[in-house]
Visitor: 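Could you have a look at this structure, given as structure tokens, before my questions?
Each chain gets a letter, A, B and so on, in the order the sequences are listed, and its residues count up from 1. Worth saying up front: this structure is predicted, and the values here are computed from it rather than measured.
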Number of protein chains: 2
Amino acid sequence: MKKYSRILKKCPLFDGIEEDDLFRMLNCLGATVKSFDKKYAIFAEGDPAKYIGIVLSGSVQIIQNDYYGNRSILSSIESAQVFAEAFACAGLSTIPVTVIANEPCEIMLIDCNHILQVCSNNCKFHNKLIFNLMKDIAVKTIIFHQKIDVISKRSTREKLVTYLFQQSKKAQSDSFDIPFNRQELADYLEVDRSGLSVEISKLKKEGIINNQKRHFVLL
Amino acid sequence: MKKYSRILKKCPLFDGIEEDDLFRMLNCLGATVKSFDKKYAIFAEGDPAKYIGIVLSGSVQIIQNDYYGNRSILSSIESAQVFAEAFACAGLSTIPVTVIANEPCEIMLIDCNHILQVCSNNCKFHNKLIFNLMKDIAVKTIIFHQKIDVISKRSTREKLVTYLFQQSKKAQSDSFDIPFNRQELADYLEVDRSGLSVEISKLKKEGIINNQKRHFVLL
DNA sequence: TAAAATCTGTTGAATTTTCAACAAAATGGA
DNA sequence: TCCATTTTGTTGAAAATTCAACAGATTTTA
């Protein structure tokens with residue numbers, strides 16, 4: 001477990017918790033680590049909303065599939081970030097999404113009940129943990145706001161431009177990489193892939209952006 | 001303040017807190033109550049992310065306007081519900097939305113810093129309050145999931161049907177009222193109002209739904 | 001390394017949405 | 001109650017998206 005020390009320090013769930021306390025707490029919480037191959041479903045829709053996940057290495061995508069087979073990507077979760085934390089906390093019995101390993105992953109799993117039900121041993125850290133969890137979920141809410149800001153736009157072009165501005169702001173640079181390939185970006189923006197390719201080409205021709213694969217530059 | 005007792009008991013933020021403790025706590029938190037006329041902006045985009053609001057009477061809408069003037073309705077907040085709680089908790093300095101009184105409203109305002117920074121007087125309730133806040137924000141995340149589930153659909157008809165199913169499930173009945181008029185529903189579904197009217201008419205003709213103003217029945 | 005599989009950009013046709021305009025119905029205020 | 005305003009449903013034209021199909025480029029894997 002110690003070997004994940006560096007990455008766990010970056011996890012917002014453990015902000016302000018000292019390393020010694022952290023590992024004692026993880027032990028108390030019954031945290032486990034599992035590895036997943038690329039494209040493997042870490043959680044599937046309908047699974048019990050029991051565990052929260054922390055990405056130790058690799059990255060995962062949160063996916064929603066509707067009954068017509070349309071894939072919708074809700075978000076991309078990078079290393080040190082938490083996922084599936086809102087479902088158990090909100091009292092859902094099952095999770096409404098699928099979580100897919102985007103590449104080979106190591107994932108820490110913690111039973112959410114161990115966080116929500118205060119135990120007698122380590123209450124000092126426990127309240128801090130719940131506070132951190134609250135902040136983490138609040139940040140996720142903001143990320144959903146941003147996603148809605150993107151997909152509420154009516155045209156493919158506006159969705160794309162809004163998304164690229166957001167990514168540029170996040171990277172604090174006009175030059176940045178996105179975590180999606182074309183089909184995935186289309187599934188995030190909720191548009192047709194071929195129409196998306198057309199818009200990217202147009203924006204390039206108009207001298208508004210530069211692009212090569214996953215790398216974009218705003219001009 | 002006592003006259004709001006009945007409604008405050010329903011507020012998820014105060015779950016499990018006794019009435020006496022509640023009013024002592026509200027006093028400690030410096031909670032105030034303000035009235036707003038219909039269509040008045042309780043918060044405007046760019047305001048400091050300082051206060052959380054609780055709807056004591058009336059209802060409010062969370063609105064996002066883009067630079068093209070498209071109005072997007074994020075959610076409708078009914079009485080006893082909390083709003084604007086995620087922004088301060090996530091560490092935003094300003095709020096990215098506008099909150100409009102949908103009808104004459106009484107709103108309780110609480111400085112979020114008073115919740116986030118533990119004071120020495122009432123720590124016992126304070127941790128409970130933060131726990132409740134965490135749950136409340138988690139539920140809001142789920143509500144955003146549902147909104148994304150709706151607007152990720154590609155056609156007006158699918159968006160409408162998905163929304164109506166959600167409302168039916170929420171009301172636990174095939175017969176229910178929605179909190180929006182036609183233009184507002186269009187702004188929530190992110191579609192054109194006239195196109196929405198057409199789809200509602202079609203679904204009625206096809207015998208799939210019944211509808212009169214804000215009342216819908218799934219057949 | 002070569003073959004297989006996946007990813008990306010392009011095109012044209014079909015479908016859908018948006019937009020503007022209008023009239024009927026419903027609502028609110030004097 | 002009556003008039004003014006707002007809301008709603010309908011229509012046709014313009015614009016945009018989706019869909020299917022394909023070829024070139026890239027990546028994977030055997």
Side-chain angles (χ1 to χ4, degrees), chain A residues 37-40 61 66 68-73 100-104 150-164 177-206 208-216, chain B residues 37-39 61 66 68-73 100-104 150-163 177-206 208-216:
Chain A
D37 291 334
K38 185 173 177 174
K39 301 210 173 171
Y40 193 93
Q61 290 182 343
D66 67 17
Y68 279 105
N70 286 322
R71 178 179 73 164
S72 168
I73 297 181
I100 302 283
N102 198 35
E103 47 192 315
V150 167
I151 66 174
S152 68
K153 299 285 183 296
R154 300 300 169 82
S155 69
T156 299
R157 187 190 179 99
E158 274 189 84
K159 286 179 184 178
L160 174 59
V161 169
T162 303
Y163 175 75
L164 292 177
D177 290 298
I178 66 171
F180 300 129
N181 66 26
R182 286 292 179 279
Q183 182 62 60
E184 288 168 344
L185 180 56
D187 289 344
Y188 180 86
L189 301 180
E190 319 288 357
V191 298
D192 181 69
R193 181 196 60 78
S194 67
L196 173 61
S197 277
V198 170
E199 287 303 333
I200 290 172
S201 297
K202 274 194 202 165
L203 288 171
K204 279 165 86 173
K205 267 180 207 143
E206 294 169 22
I208 294 169
I209 67 169
N210 242 324
N211 156 254
Q212 202 178 11
K213 294 174 191 171
R214 293 177 179 215
H215 187 73
F216 285 80
Chain B
D37 291 335
K38 185 173 178 174
K39 300 210 176 172
Q61 290 182 344
D66 67 17
Y68 280 103
N70 285 322
R71 178 178 74 162
S72 168
I73 297 182
I100 303 282
N102 198 36
E103 48 192 315
V150 168
I151 67 174
S152 68
K153 299 287 183 294
R154 300 301 169 79
S155 69
T156 298
R157 186 191 179 98
E158 272 190 86
K159 286 179 185 178
L160 174 60
V161 169
T162 303
Y163 175 76
D177 289 299
I178 66 171
F180 300 128
N181 67 23
R182 286 291 179 278
Q183 182 63 61
E184 289 168 343
L185 180 57
D187 289 344
Y188 179 85
L189 300 180
E190 319 287 0
V191 298
D192 180 69
R193 180 196 61 79
S194 68
L196 173 61
S197 276
V198 170
E199 288 302 334
I200 290 173
S201 298
K202 273 193 204 167
L203 287 171
K204 279 165 86 174
K205 266 180 210 146
E206 294 170 22
I208 295 170
I209 67 170
N210 243 323
N211 157 252
Q212 202 176 9
K213 296 175 191 170
R214 292 176 180 218
H215 187 73
F216 285 80

Visitor: Using a 4.0 Å heavy-atom cut-off, does A:T156 contact any base of the nucleic acid, only the sugar-phosphate backbone, or nothing at all?
Guide: sugar-phosphate
Visitor: Once you round it to whole Å, what is the distance between P of C:dG9 and CD1 of A:I209?
Guide: 10 Å
Visitor: Using atom CD of B:E190 as one end and atom P of C:dT18 as the other, report the distance to the nearest whole Å.
Guide: 10 Å
Visitor: Using a heavy-atom cut-off of under 4.0 Å over every strand shown, decide if A:S155 touches base, sugar-phosphate, or nothing.
Guide: sugar-phosphate
Visitor: What residue among A:R71, A:R182, A:R193 forms side-chain hydrogen bond (donor to acceptor under 3.5 Å, both in side chains) with A:D187?
Guide: A:R71
Visitor: So, does A:R193 get its side chain near the phosphate of C:dT8, meaning an N or O under 4.0 Å from OP1 or OP2?
Guide: no
Visitor: From NZ of A:K39 over to C1' of C:dT6, roughly how many Å is that when rounded to an integer?
Guide: 8 Å
Visitor: B:S194 side chain N/O closer than 4.0 Å to the phosphate oxygens (OP1, OP2) of C:dA20?
Guide: no
Visitor: Rounding to a whole Å, what distance do you find between B:E103:CD and C:dT27:P?
Guide: 16 Å
Visitor: Closest to the B:R182 side chain: C:dT8, D:dG9, D:dA16?
Guide: D:dG9
Visitor: Taking all non-hydrogen atoms of both residues, which atom of B:L160 and which atom of B:L189 are closest, and how far apart?
Guide: CA-CD1, 4.0 Å
Visitor: Look at atom CD of A:E206 and say whether more than 12 heavy atoms of other residues, nucleotides or ligands are closer to it than 6.0 Å.
Guide: yes
Visitor: Counting side-chain heavy atoms from C-beta on, which of D:dT17, C:dC19, C:dT10 comes nearest to B:D192?
Guide: C:dC19
Visitor: To the nearest Å, how far apart are B:L160 CG and C:dT17 C1'?
Guide: 15 Å
Visitor: Tell me: CG of A:L203 to P of C:dT10, nearest whole Å?
Guide: 12 Å
Visitor: Select base, sugar-phosphate, or nothing to describe what B:V191 touches, counting heavy atoms under 4.0 Å on all strands.
Guide: sugar-phosphate
Visitor: Taking B:N211 for its side chain and B:K213 for its backbone only, find out whether a donor-acceptor pair lies under 3.5 Å.
Guide: yes
Visitor: So, OP1 or OP2 of C:dT18: does either fall under 4.0 Å of a side-chain N or O from A:R154?
Guide: yes
Visitor: Figure out the CD/P separation between A:E199 and C:dT11, and round it to whole Å.
Guide: 14 Å
Visitor: So what does A:S197 hit on the nucleic acid, given a heavy-atom distance under 4.0 Å: a base, only sugar-phosphate, or nothing?
Guide: base
Visitor: Among the nucleotides C:dT8, C:dT27, D:dT10, which one has an atom lying closest to any side-chain atom of B:K213?
Guide: C:dT27
Visitor: Side chain of B:E184, backbone of B:N181: donor and acceptor closer than 3.5 Å?
Guide: yes
Visitor: Rounded to whole Å, how long is the line connecting atom CD of B:Q183 with atom P of C:dC19?
Guide: 11 Å
